[in-house]
Every structure is written in structure tokens, then in C-alpha cells.
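Below is one structure; the comments refer to it alone.
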Amino acid sequence: MRARGGPAHVPPPQAPPGRWFRAAPPARAADKEALLELRRRTGLPLLLCRDALLRAGGDPRQAEAWLQEQAQRQGWTKATLVRGRRTPEGLVGLLRDGPAAVMVEVTCETDFVARNAEFQRVVEQAALGTMELCRAAPPPPACGTRHLLRADELAQLRTGPGGDLLSDKVALAIGKLGENVRLRRAAWLRVPEDDGHIGAYAHGWLPARAGPVAVGSVAMGTHGALVAWRVTPPRPPPAELEELGRLVAQHVVAMAPTALGAPGDVARGEDEPRLLAQGFVRDPQRSVGDLLAQRGGLALRGFLRFRAGDGDEGDAGDGGDTWERGSA
């Protein structure tokens, strides 16, 4: 409108949209899904995962590889800082595969971290790596074999054919968890397939198992035991053999024997260290040796027992480890 006697009114110029400020485009659903999946796979913070995706141009595989590299690098740095810290907590992992079974011990500083899925993944990888080494060993003699691995030997194992070193996986876990994590020890038992059997039992605060340690799955607990048998005809039914193996392994965890003993040994008191002479934990009125004699067809070759964090300040020790005499 033109004012009377004045120039025509000219509206002020309008700035072009987005000249100074530009709204960020809304995130695509696919981007959000990739971000959440990367967070789920790595367990790292969302901001770090988003940064990794940006660096990788949105490629989830490249982003995960970059994150793993960074976490591992930071883990090795962190490992040098926490190396002297005590690790009185942790888990024992057990894995069975036919006539072979392995047991590993991995420790940490707190039981809070021991309950973490990232820490339990290290335990699983240690058990799988030890089983790979066990499978590659020569076939056992008629009496069976056992083998113990020190911490430095365990660290050099790989998580599988062509997989990463266990020491690298530990560094990765330290970087994520912020606590000292140690590969303490590992062992395996192997018996002849035709007349051998290995019972296993894991005990602790993880969900209890109703039966024996399942073949092919890694069981975990604060305590673990493996028991090797020689089985002679008439061979017990598979279910009965599994249950008896579990019960005797459970006894080893509870009573902590340090020697095998011989059939017919008589207990010398409440602190009897020989397994066959100990009163059976489910029926203290009869010994483990009596239990096996009444069943018939079964003879103990040896056993292994681990407790997580046992002997943390010194050498890992054997934690209960014996084999029948003359079987070397």
C-alpha cells in the first residue's frame, strides 16, 4: 500500500532459506539400525559407535574393525597400568568333546566383572582354544593322558583356526572392562574312546545345571572338576554313566581331595585327602571307593579340580590334580 504523499512501501528482503542455518537431515532408519547393531556387537558407547560409522563411511564391518583395533590398543595400554592388581575373582570354564575335556581358569578383580558377558566370552574363548590344542595332540595311550598349561602357554593359544591370540582378546576385554584380567591356567584330560569316560561339574553363582556339563557347550562357575573313568563291561547305560560322573565330580568340588588313593583305602579322619577313601558327599556312611565297588565296572583314572582365584598371590598350583600311578 502506498502512503498518501509518500513513496511506495517496499518489504524488507527475505534471506534465502538455509543461508545461515541448515537443519540436519533426519537419520535414516537403516543408519539407526546399523548404530544399534554395532553397539550390541561391541558393547561400546553409542557415541563411539557413531564416530566409528562416520569414519567408515557407514560401513558396519569397517566400523567394527576400527573399534576393535582402538579397544585393543587401549587395552594393551591399560594392561600395563593394571598388571600388578590382584585378581581374586573370576570363573572356571569346562568343555567336553567325546573322550576329551578341558578346564580353564580366568580371573579378574571383582565378581561384578566376572558376571559380565564380555568377561565370560574370554572364558569361553580360552576353553575353545584349549580344546583345539587338545584335539591336535597325539591319541592317548591306554591309560589316558592329562596335560597342564601355564598362563604364558595359554596366552599363546588362538580362539580357533586362524583366530586371534587369547592374549589379544584379554587386552580387548581389559580395555572395555577397565579391570585386570588374567589367563591363569588350563588343563585337559583325554581317555580312550572305547573304554573311557570323563565326568564334569561346574559350581558357583551362575545358573545351576540340572544335569552333567553338556557336550560341546562351555559351562562356567567359581569351581570346576573333571573326573576320568575306565569303564569295563557290562558298561552302564549312558544316562547312568553321565549322572555318576557328575556326582563324583561334584564330590571332588565339595571335598577337595588331593590324592586318588586305591580301592579299599580306609579313611584316616575328617581331613582324609584321598578321593577313594573319602566319605561320599551324598552318602557319608560309605566311601567313594565303596560306591564304585558296589556299582562295578568302573575305575577312576584321575581328576582335576580348579577354584577361581585360588592361590592368586603366588603360582597357580594344581588346585587338586592327580592321576593314577604308573599312567605316565
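Quick caveat, the model's predicted, so the values are computed rather than measured.
A salt bridge is absent between Glu124 and Arg121; no separation between the charged side-chain nitrogens and carboxylate oxygens falls under 4.0 Å. Salt-bridge check for Glu242 with Arg96: passed, with a basic side-chain N closer than 4.0 Å to an acidic carboxylate O.
For the atom pair CD (Glu105) and CG (Leu154), the distance works out to 10.0 Å, reported to the nearest 0.5 Å. Summarising the geometry, atom CZ belonging to Arg184 is positioned 11.5 Å from atom SG belonging to Cys108; distances are rounded to the nearest 0.5 Å.
In this view, Arg235 satisfies the salt bridge (Lys or Arg N to Asp or Glu O under 4.0 Å) rule with no residue, not counting sequence neighbours. Under the side-chain contact (heavy atoms from CB on, under 4.5 Å) criterion, Pro237 pairs with Glu240, Arg295, sequence neighbours left out. Checked against side-chain contact (heavy atoms from CB on, under 4.5 Å), Leu165 has the following partners two or more places apart in sequence or in another chain: Gln156, Arg158, Ser167, Asp168. Among residues two or more places apart in sequence or in another chain, the salt bridge (Lys or Arg N to Asp or Glu O under 4.0 Å) test is passed with Asp283 by Arg286. Every residue meeting the side-chain contact (heavy atoms from CB on, under 4.5 Å) condition with Ala277, not counting sequence neighbours, appears here in chain and number order: Asp265, Glu272, Arg274. Glu179 pairs by the salt bridge (Lys or Arg N to Asp or Glu O under 4.0 Å) definition with nothing, not counting sequence neighbours. Legend: residues meeting salt bridge (Lys or Arg N to Asp or Glu O under 4.0 Å) with Asp271, ordered by chain and number and at least two apart, are absent.
Looking at Arg230, its side chain never comes within 3.5 Å of a backbone N or O of Gly144 through a donor-acceptor pair. The closest donor-acceptor contact from the side chain of Arg190 to the backbone of Ala137 lies under 3.5 Å. No donor-acceptor distance shorter than 3.5 angstrom exists from the side chain of Arg305 to the backbone of Ala225, with no hydrogens or angles considered. In this structure a side-chain-to-backbone donor-acceptor pair under 3.5 Å is present from Gln120 to Ala114.
Considering Val104, Leu91, Val92 as possible partners of Phe306, the one that fulfils the side chain to side chain contact (heavy atoms under 4.5 Å, CB included) test is Val92. If you run side chain to side chain contact (heavy atoms under 4.5 Å, CB included) between Thr87 and each of Val181, Val106, Asn180, only Asn180 comes through.
The environment of CD in Gln294 is crowded: more than 12 heavy-atom neighbours from other residues, nucleotides or ligands sit within 6.0 Å.
For the pair Thr258 and Leu275, the minimum side-chain heavy-atom distance is 4.5 Å or more. Counting heavy atoms from C-beta on, the side chains of Pro263 and Leu276 come closer than 4.5 Å. Within the 4.5 Å cutoff, the side chain of Ser287 has no heavy atoms near those of the Leu291 side chain. Annotation: side chain of Leu95 is not in contact with side chain of Ser217 (no heavy-atom distance under 4.5 Å). Between Leu260 and Leu300, some side-chain heavy-atom pair lies under the 4.5 Å cut-off. In this structure, the side chains of Leu157 and Leu149 come closer than 4.5 Å at one or more pairs of heavy atoms.
Applying the salt bridge (Lys or Arg N to Asp or Glu O under 4.0 Å) definition to pairs two or more places apart or across chains, those involving residues 56-68 are Arg41-Glu64. Note on residues 91-138: no pairs pass ring pair (Phe, Tyr, Trp, His ring centres under 6.0 Å), not counting sequence neighbours. Within the structure, ring pair (Phe, Tyr, Trp, His ring centres under 6.0 Å) pairs that include any residue of residues 128-158 comprise His147-Trp188 (at least two apart or interchain).
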Inset, instruction - For Leu166 and Gln125, run side chain to side chain contact (heavy atoms under 4.5 Å, CB included): C-alpha distance rounded to whole Å, both residues' side-chain angles, the deciding distance at 0.1 Å, then the answer. - result: CA-CA 7 Å; Leu166 283 176; Gln125 290 168 335; 4.0 Å; yes
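In this pair, His251 and Phe280 present their aromatic rings parallel. The plane angle is below 30°, not in the 30 to 60° band.
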Would you mind writing out the side-chain donor-acceptor pairs for residues 192-199 within the sub-3.5 Å range, not counting sequence neighbours?
none

Under 3.5 Å, which donor-acceptor pairs do the side chains of residues 127-136 form with other protein atoms, sequence neighbours left out?
residue	atom	partner	partner atom	Å
Thr130	OG1	Ala126	O	2.8
Glu132	OE2	Arg135	NH1	2.9
Arg135	NE	Asp97	OD2	2.8
Arg135	NH2	Asp97	OD2	3.0

